[in-house]
Amino acid sequence: ATPAVREKAHARALEALAKVRAHPADFAKLAKEYSNDPASAERGGDLDWAPASNYVPEFSKALFALRPNEISDLVETEYGYHIIALTGVRPGRQKPIEEVSAQIESQLRQQHARDEFAKLAEDFRNTVYQQADSLDPAAAEFNLKVQSATGVTRSGAMAAPVAALNDSVREALFSDDVLDKHHNTEAIETGPDTLVAARVTAHRAAAARPLSEVQDAIRVSLRDKAAVTQAAIVGAERLAALQKNGDATGFTGKKTITRLNPQGLPRSAVKDIFKADLASLPAYTNSTLPDGTYAIYRIVAVSQPPENATASGNIASLGREIAQQNGALEQAGYLEALKKEFSVKISPDFSGDAAKLGS
C-alpha cells in the first residue's frame, strides 16, 4: 500500500477502535461495518477457536497477551491494522494416539514416498545419462515400459504418447547430442513427481512433399480458413447487434471465472474477456479460439477478489516452480561435478532443460 493508503487505513482503524472501546457490546456490528477481512467480516469478526500458530507473529503475540473479554490496541501486520477482542480461552490438550494415528501414518507415508522418489529420480537420471545409447537399461531397472511415437516435429502438436509433454522434450529431441549422436535425453521433469527420458530412433529431414500427397490436406486447410473468415464476418455482425440491443438469447449458462481459474475457457479467451470495455453492463466481447471458432461472451457482473484471496493458490504454484528450479539447479551441479572429474564437455545445444519422452 502507498503511504496515503496506509494513512487512510490507519485513521479508519483508529475510528473503529474508538467506537469499539465506547461500545464493546457492539463489536460484531462494528466489525461488519469496518472490517475488510473477507472471511470474518460477515460473521462480526469471529475467527473461531484457533491456536497461536494460525496467525502471523504480531497478531498472535497481541492476541495471547489479552485476557478474556479484553480488547487490544491497534495491531499492525503485513495484512493491515487489526482490533482484537478475546472472547474465550481453552487450554490446549495432547490428543490421544487413537485420534492422530491415521494422520501420522499418512504423513510418514508421504514423507517416505518423497524420499523414495528423490532416490529413484537420482538413480534414473544417472542411468539414462551413463547408459546413453538405450532406454532399455532404465526401463529394466525401474520396471518401466518404453513407449514410442511417430510424427514428432520441431513445431506443431506432437502425437501421443508425447503430446502431453512440455516443450523441453521437443528442444531436447532436436538437440545435436540426441538427434545426431543418438543419445538419450537427460531426465526431464514434466510434472510433479514425473520424470521422462527420450531418444530418437529414426529421423527424417524436412522436405517438400509431392502435391499428390498433400492436395487433400491443402483442400481441407483452405476450406477451414474460409470457414474461419466467414465465421469472423458473421460473428462481428452478431457482436455489433448485441452491443446495441443487449439480447441474451443463445448464450450458454453462466460461469464465474478468474485469471487463475478460467473454468475450462482457453487462456486466449480469458485474456480477451479481461480486456473488455466494462463502461456499462452487460458488456460483450469476442475471442477467436484455437480451433478458429469465433466466440462471443456476455459479461453480466464484475467483482474484485478480496486481498490475499488467491494467496494459497499462488503459494502452491510458486512451490511447484521452486521445486522445478531446485531440480534444475541440482542437475546442473551434478553435471558440473562430472565435467570437472572426467574432463567432459557438453554441447551448448544440449544444455538447458533436459528432455523426457516416455519411459
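The structure displayed is predicted, hence computed values, not measured ones. This chain uses plain numbering: 1 for the first residue, then up along the sequence.
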Point to revise | Working for side-chain contact (heavy atoms from CB on, under 4.5 Å), residues Asp136 and Val146 | key: CA-CA 7 Å; Asp136 291 337; Val146 178; 4.1 Å; yes
Point to revise | Over 12 non-hydrogen atoms of neighbours within 6.0 angstrom of CD in Gln111 | key: yes
Practice item. Output all residues satisfying side-chain contact (heavy atoms from CB on, under 4.5 Å) with Pro24, sequence neighbours left out; order by chain, then residue number. Key: Ile71
Review point. What's the shortest heavy-atom distance between Ala31 and Gly45, and which atoms?
Key: CB-N, 3.7 Å
Point to revise | Beyond-backbone contact of Val169 with Thr185, side-chain heavy atoms, under 4.5 angstrom | key: no
Review point. What residues, two or more places apart in sequence or in another chain, satisfy side-chain contact (heavy atoms from CB on, under 4.5 Å) together with Ala50?
Key: Asn54, Tyr55
Check your understanding: Does Leu289 share a hydrophobic cluster with Ile257, counting links as ILVMFWY side-chain heavy atoms below 4.5 Å and allowing steps through other members?
Key -> yes
Review point. Are the side chains of His183 and Arg199 in touch, meaning some heavy atoms are under 4.5 Å apart?
Key: no
Point to revise | Worked check of side-chain contact (heavy atoms from CB on, under 4.5 Å) between Asn184 and Val178 | key: CA-CA 6 Å; Asn184 299 334; Val178 176; over 6 Å; no
Check your understanding: If you measure from CZ on Arg12 to OH on Tyr34, what distance do you get to the nearest 0.5 Å?
Key -> 6.0 Å
Point to revise | Residue pairs, two or more places apart or on separate chains, that pass side chain to side chain donor-acceptor pair (under 3.5 Å) and touch residues 223-245 | key: none
Exercise for review: Provide the full list of side chain to side chain donor-acceptor pair (under 3.5 Å) pairs with a residue in residues 267-277, sequence neighbours left out, each pair given once.
Suggested key: Asp272-Ser287
Study note, to complete from the structure: By side-chain contact (heavy atoms from CB on, under 4.5 Å), Ser72 pairs with (sequence neighbours left out) Leu66, Val75, Ile84
Revision key, fill the gap. Applied to residues 80-89, the side chain to side chain donor-acceptor pair (under 3.5 Å) test, sequence neighbours excluded, yields Thr77-His82
Exercise for review: Kindly compute the distance separating OH (Tyr284) from CZ (Arg298), expressed to the nearest 0.5 Å.
Suggested key: 3.5 Å
Review point. Of all heavy-atom pairs between Glu141 and Thr127, which one has the smallest distance, and what is that distance?
Key: OE1-OG1, 3.1 Å
Check your understanding: Quick check: does any side chain N or O of Asn286 sit under 3.5 Å from a backbone N or O of Ile296, one acting as donor and the other as acceptor?
Key -> no
Review point. Under a 4.5 Å cut-off applied to non-hydrogen side-chain atoms, are Ile273 and Leu265 in contact?
Key: yes
Check your understanding: Should Leu281 and Leu242 be regarded as members of a common hydrophobic cluster, given that ILVMFWY residues are connected when their side-chain heavy atoms come within less than 4.5 Å of each other, either directly or indirectly?
Key -> no
Check your understanding: When rounded to the nearest 0.5 angstrom, what is the spacing between CD1 in Ile104 and CD in Glu99?
Key -> 11.0 Å
Review point. Do Ile83 and Phe27 have side-chain heavy atoms sitting under 4.5 Å apart?
Key: yes
Practice item. Just jot down the side-chain contact (heavy atoms from CB on, under 4.5 Å) partners of Ala276, sequence neighbours excluded, or say none. Key: Leu278, Thr285, Ile299
Practice item. Could I get the full list of salt bridge (Lys or Arg N to Asp or Glu O under 4.0 Å) partners for Glu213, not counting sequence neighbours? Key: Arg209
Revision key, fill the gap. Residues passing the ring pair (Phe, Tyr, Trp, His ring centres under 6.0 Å) test with Phe142, sequence neighbours excluded, are Phe124
Review point. Is there side-chain contact between Leu14 and Leu74, with at least one heavy-atom pair below 4.5 Å?
Key: yes
Check your understanding: Do any N or O atoms from the side chain of Ser175 and from the backbone of Ala172 form a donor-acceptor pair under 3.5 angstrom?
Key -> yes
**Study point:** Any side-chain heavy-atom pair of Arg125 and Leu195 under 4.5 Å
**Key:** yes
Review point. Hey, any chance Val214 and Val220 share a hydrophobic cluster, counting ILVMFWY side chains that come within less than 4.5 Å of each other, even indirectly?
Key: no
Study note, to complete from the structure: Thr194 and Phe117 have their tightest heavy-atom pair at N-CZ, 3.9 Å
Practice item. State, with a plain yes or no, whether a side-chain heavy atom of Tyr294 is found less than 4.5 Å away from one of Leu239. Key: yes
Check your understanding: Do any pairs count as a salt bridge (charged side-chain N to carboxylate O under 4.0 Å, His left out) and have a residue in residues 56-77, sequence neighbours left out, and if so which ones?
Key -> Arg6-Glu76, Arg21-Asp73
Exercise for review: Check Val56 against Glu78 and note the closest heavy-atom contact, atom names and distance.
Suggested key: CG1-OE2, 3.8 Å
Review point. Would you say the side chain of Gln110 lies within less than 4.5 Å of the side chain of Ser106, judging by non-hydrogen atoms?
Key: yes
Review point. So how far is it from Ser148 OG to Leu135 CG, rounded to the nearest 0.5 Å?
Key: 9.5 Å
Revision key, fill the gap. Here the pair of heavy atoms bringing Val300 nearest to Pro282 is CG1-CB, 4.4 Å
Check your understanding: What pair of heavy atoms forms the shortest contact from Thr258 to Asn261, and how long is it?
Key -> OG1-N, 2.8 Å
Check your understanding: So does His203 have more than 12 non-hydrogen atoms from other groups sitting under 6.0 Å from NE2?
Key -> yes
Exercise for review: Treating Ile, Leu, Val, Met, Phe, Trp and Tyr as nodes and any side-chain heavy-atom pair under 4.5 angstrom as an edge, say whether Val270 and Tyr297 lie in one connected cluster.
Suggested key: yes
Point to revise | Backbone of Ala139 reached by a side-chain donor or acceptor of Lys145 within 3.5 Å | key: no
Practice item. For Asp123, enumerate each residue passing the salt bridge (Lys or Arg N to Asp or Glu O under 4.0 Å) test, keeping only those at least two apart in sequence or located in another chain. Key: Lys119
Point to revise | Contact list for residues 28-53, test salt bridge (charged side-chain N to carboxylate O under 4.0 Å, His left out), sequence neighbours left out | key: none
